[in-house]
**Student:** 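Here it is, the structure in full.
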Amino acid sequence: MTSLADNPAVTNPRKSLSKPQQTALGAIAFFRHQRVTPGGNVEIGNKRFSSSVLTGLAAQGLVTMRGREFALTTAGQVALAKLKEDPHGSA
């Protein structure tokens with residue numbers, strides 16, 4: 001298992017994660033409703049993601065399956081917090 005400080009998805013999520021992965025992290029944190037659609041995609045709230053997007057997040061240690069739903073790990077929470085920061089550093 002990679003430590004938080006050595007995981008590029010945690011230290012610099014804007015460069016390491018694709019836009020759909022960044023959006024999926026935010027959706028998992030915000031929405032409660034999740035389901036797998038008949039086409040094999042995952043619907044989280046009002047957003048749909050391919051299973052490969054979520055598999056990629058799980059491979060990087062940012063999400064885990066809890067029962068039938070995805071949940072953020074500690075690494076995922078840190079990455080999401082960094083994504084929410086102002087990208088230009090201004091207040």
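Computation of the quantities below employed the complete heavy-atom set of this structure, encompassing side-chain atoms and omitting hydrogens, waters and symmetry-equivalent molecules.
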**Student:** How close do P8 and S16 get, counting heavy atoms only, and between which atoms?
**Tutor:** O-OG, 2.9 Å

**Student:** Work out which heavy atom in Q60 is nearest to a heavy atom in A9; give both atom names and the distance.
**Tutor:** OE1-CB, 3.1 Å

**Student:** L17 vs L57, test: side chain to side chain contact (heavy atoms under 4.5 Å, CB included). Steps then yes/no.
**Tutor:** CA-CA 8 Å; L17 301 176; L57 290 174; 4.1 Å; yes

**Student:** Please walk me through it: do F70 and L54 pass side chain to side chain contact (heavy atoms under 4.5 Å, CB included)?
**Tutor:** CA-CA 8 Å; F70 288 93; L54 297 168; 3.6 Å; yes

**Student:** For V63 and I28, work out which heavy atoms get closest and say how close.
**Tutor:** CG1-CD1, 3.7 Å

**Student:** Return the CD1 to CZ distance between I44 and R35, rounded to the nearest 0.5 Å.
**Tutor:** 12.0 Å

**Student:** So which atom in A27 and which in K47 form the shortest heavy-atom distance, rounded to 0.1 Å?
**Tutor:** CB-CD, 4.3 Å

**Student:** Given side chain to side chain contact (heavy atoms under 4.5 Å, CB included), test L83 with R14 step by step and report yes or no.
**Tutor:** CA-CA 7 Å; L83 287 171; R14 288 192 196 280; 3.8 Å; yes

**Student:** Give me the one residue out of L25, V78, T64 that meets side chain to side chain contact (heavy atoms under 4.5 Å, CB included) with L72.
**Tutor:** L25

**Student:** Check for a donor-acceptor pair, side chain of T73 on one end and backbone N or O of L62 on the other, with a separation under 3.5 Å.
**Tutor:** yes

**Student:** Could you tell me which non-hydrogen atom of E69 sits nearest to which non-hydrogen atom of R32, and how far apart they are?
**Tutor:** OE2-O, 3.5 Å

**Student:** Taking all non-hydrogen atoms of both residues into account, name the closest pair between P13 and K82 and its distance.
**Tutor:** CG-CB, 3.9 Å

**Student:** Rounded to the nearest 0.5 Å, what's the gap from CG on N46 to CZ on F31? Could you check?
**Tutor:** 4.0 Å

